[in-house]
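Read through the structure below, which is laid out as structure tokens, and then see the notes.
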Amino acid sequence: MASKTPPKSTAEYADDPINASLSNEEKIGLLRTMVRIRRFEQTSLKHYHAGSIGGFLHLYIGQESVAVGSISLLGEHDHVITAYRDHGHALAVGMSMDECMAEVFGKKTGCSKGKGGSMHYFAPDKNYWGGHGIVGGQTPLGTGLAFGVKYFGQKGCCLCYLGDGAINQGAFHEALNLAALWDLPVIFIIENNGYSMGTSQLRSSAHPEEGLAARAEGYNMDWAKIDGVSLYEIRAGVNKAVERAHEHSRPTLLEIKTYRHKGHSVADANAEKYRTKEEIREYMDEHDPIDFWTHTLIEEGVITTDDFKQINKEAGAEADAAAKFAIKSPYPDESEIFDDIYWEVDNNTEAGRTGRHFFHG
Amino acid sequence: MPREITYREALREGLDEELAHDDNVVIIGEEVAEYNGAYKVTEGLWNKWGDKRVIDAPISEAGFIGMGIGASMLGVRPVMELMFYSFAYVAFDQMMNNAATCRYMSGGLINVPIVVRGPANGGTNVGATHSHTPENIFANMPGLKVVSPSDAHDVKGLIKSSIRDNDPVYFMESTVLYGMSGEVPSNDELDDGELIVPIGKAKVKREGADISLIAHGRAVVTSLAAADILADKYNINAEVLDLRSIRPLDEQAIMESVRKTHRAIYVEENKPFCGIGAQVSSMIMEQAFDDLDAPVLRITSADAPAFYSPAIEKLQLPAPEEIVERALTIC
């Protein structure tokens with residue numbers, strides 16, 4: 001994990017009050033969460049290659065700082081929703097590796113009882129509303145969560161993540177309009193990893209020179225562009241938007257520049273064709289957010305190299321244990337097929353007992 | 001003298017009562033507030049309840065329906081109006097993926113208590129894009145409920161139970177029915193103090209012994225007219241069963257009727273291919289085969305897009321005469 005070049009200075013953002021107030025423990029906590037996400041995904045990848053995990057596996061490796069930095073700012077009435085590259089956000093909100101790993105293995109002990117898979121993690125008790133499979137489809141939902149926060153008179157917001165490919169979906173533009181029109185406290189975070197699957201940003205998105213988020217101008221919405229390598233910069237930038245949402249109930253569109261080290265999903269056979277190996281190598285070596293934060297903390301004297309090694313080792317052990325937990329967990333029972341479809345049926349209410357709900361066989 | 005009000009007024013009464021019943025009920029849709037509703041269903045509700053409870057949405061169905069779904073996950077109870085149910089197709093991903101499957105994919109951690117209501121009918125001289133009848137399409141999706149009331153009494157009772165239901169309910173009305181009057185008891189005439197019609201219960205609208213005309217929505221009205229002709233001209237006593245709710249479905253009521261009459265026709269304004277009649281006739285065949293004295297027939301809209309010209313469009317829809325003619329082939 002050692003970086004070949006030292007990180008550039010982040011003093012400007014380090015001095016932002018939201019960062020200056022971080023304790024050493026909190027800084028280490030941010031590192032630990034990023035490392036846990038990476039080790040979780042590396043472990044899941046290993047088991048995917050071994051054939052224990054099927055379906056799609058969209059890895060977040062390289063982007064960890066975005067979820068960890070932004071989610072670290074949230075409080076009681078703040079909510080999170082994202083698309084299918086959702087493991088990082090899930091662990092950042094506090095979901096356990098066990099439940100997340102078991103879910104990708106399709107096990108009963110998974111966070112969605114094996115019914116959702118890698119793309120569909122949920123934890124409403126942690127204000128985490130998915131994990132959504134259709135590009136851009138979650139953006140109206142995120143707007144709705146913000147509507148709810150405002151309706152109930154709470155001081156909160158919704159962080160609604162999307163990829164750079166999602167910015168061309170109609171639902172996203174409808175969500176932007178509603179959010180700005182109705183003063184909803186939603187923060188749309190474009191995690192711009194440069195590629196909508198195998199199509200580069202250049203070949204997929206028309207946008208102002210200033211960047212993707214500048215499209216917000218058309219909706220009279222505040223926006224900003226953030227470099228996603230530095231946690232300090234992410235926290236400082238996103239916090240402005242959170243304050244805007246909390247204090248003025250206004251939305252923001254953020255673009256956070258980041259990079260995924262792996263393909264669109266593990267099934268992406270062209271991951272090293274639409275991008276050069278040199279490009280991928282450069283991002284891994286020079287712009288890795290975990291390396292960057294590690295060096296920042298070492299420079300600050302918060303941790304030593306050995307501390308990092310220990311954190312990495314513990315995260316690896318936790319991920320291995322999660323895989324063991326997943327492997328030994330039972331598959332869901334066939335009898336569970338018809339659970340969790342209708343609330344009224346699940347709760348055996350009068351409505352749930354009235355009329356035929358299912359039509360098979 | 002029983003109170004008679006229109007389908008539109010009854011629906012509005014139901015909405016108004018639910019706005020009063022639960023502070024979390026919000027009406028959102030195009031022109032529902034200041035314009036008083038494109039079809040005047042929500043007339044006066046914005047004046048009474050204000051900006052927080054009755055909200056005009058931009059023409060943005062995917063956006064505002066999806067927004068309603070997200071808000072419902074947090075505990076808001078949105079009642080979304082589609083000016084025409086045909087516009088559901090613009091919001092299809094939200095209505096099929098997000099409303100219907102979030103509960104399942106979260107292993108039951110989430111529920112989506114949303115109502116999406118609006119007119120879902122043809123026959124109004126507006127061409128194919130505004131004449132869709134998507135009840136079969138949405139009823140195909142487990143996780144969704146589909147309701148299609150045919151009279152003023154039921155539209156009030158069912159909108160109230162739909163809003164109180166904790167699952168997504170797609171509530172399909174008819175612009176042709178909006179002006180039709182029917183008996184709707186006032187609340188002080190009712191033992192419970194309010195009119196609630198449970199989802200999933202069919203209603204025998206006319207008792208008969210010779211043939212079952214099973215229908216939903218406006219086709220119930222058409223079937224009742226056909227039953228009159230059958231009785232008056234042919235001495236055939238038709239039973240008319242109004243499903244009211246398509247999913248969940250009152251299978252028991254269907255089989256009871258068929259076991260009594262031994263003949264059945266499903267009548268609907270939907271298209272024939274995988275329509276509600278296809279589902280119901282298959283169930284009758286499987287469960288009441290030995291009770292049948294004739295094949296189950298289906299009468300649907302013509303299997304073509306809605307014709308604009310009113311002279312032809314009316315011929316595309318089920319008519320009493322067609323029902324009579326087909327009934328005579330099996331009676």
Just by modelled atom types, is the [Y] backbone N or O under 3.5 Å from a matching donor or acceptor in the [X] side chain?
X	Y	result
E174(A)	A62(B)	yes
E344(A)	N166(B)	yes
R247(B)	H357(A)	yes
Y104(B)	F338(A)	no

Count the heavy-atom pairs under 4.5 Å between each of [options] and chain B, then report the option with the highest count.
options	answer
G116(A), C111(A), S112(A)	S112(A)
P124(A), A171(A), G148(A)	P124(A)
L181(A), I134(A), D340(A), L176(A)	D340(A)
H120(A), R356(A), M119(A)	R356(A)
Q138(A), E336(A), H79(A), E350(A)	H79(A)

With a 4.5 angstrom heavy-atom cut-off, could you sort out which part of [X] is near chain A: side chain, backbone, both or neither?
X	result
I28(B)	side chain
R244(B)	neither
N140(B)	neither
L109(B)	both
A57(B)	both
N97(B)	side chain

Looking at [options], which has the largest count of heavy-atom pairs under 4.5 Å with chain A?
options	value
G75(B), P113(B), G200(B)	G200(B)
Q252(B), K201(B), M283(B)	M283(B)
T101(B), I69(B), I110(B)	I110(B)
L144(B), D250(B), V112(B), V90(B)	L144(B)
A71(B), S106(B), G108(B), A91(B)	S106(B)
E61(B), M105(B), R164(B), E251(B)	M105(B)

Is atom [atom1] of [X] surrounded by more than 12 heavy atoms (other residues, nucleotides or ligands) closer than 6.0 Å?
X	atom1	result
Y219(A)	OH	yes
E286(B)	CD	yes
Y35(B)	OH	no
I337(A)	CD1	yes
Y89(B)	OH	yes
D333(A)	CG	yes

Compare all side-chain heavy atoms of [X] with those of [Y] and state whether any distance is below 4.5 angstrom.
X	Y	result
L74(B)	W129(A)	yes
Y342(A)	R103(B)	no
W182(A)	I55(B)	yes
N24(B)	F152(A)	yes
P58(B)	L178(A)	yes

Shortest non-hydrogen contact from [X] toward [Y]:
X	Y	answer
Y151(A)	V25(B)	OH-O, 3.9 Å
H132(A)	C102(B)	CE1-SG, 3.6 Å
P140(A)	G63(B)	CB-O, 3.7 Å
G137(A)	Q94(B)	O-NE2, 3.0 Å

Exactly one candidate in L145(A), T143(A), V186(A), L141(A) meets side chain to side chain contact (heavy atoms under 4.5 Å, CB included) with M67(B); the answer is T143(A)
Go through H173(A) and S60(B) one step at a time and tell me if the side-chain contact (heavy atoms from CB on, under 4.5 Å) criterion holds. CA-CA 10 Å; H173(A) 288 268; S60(B) 204; over 6 Å; no
Structural part of N127(A) lying under 4.5 Å from a heavy atom of chain B: neither
Any chance you could measure T349(A), atom OG1, to D167(B), atom CG, to the nearest 0.5 Å? 8.0 Å
Looking at CG of N111(B) and CD1 of I341(A), how far apart are the two atoms once the value is rounded to the nearest 0.5 Å? 14.0 Å
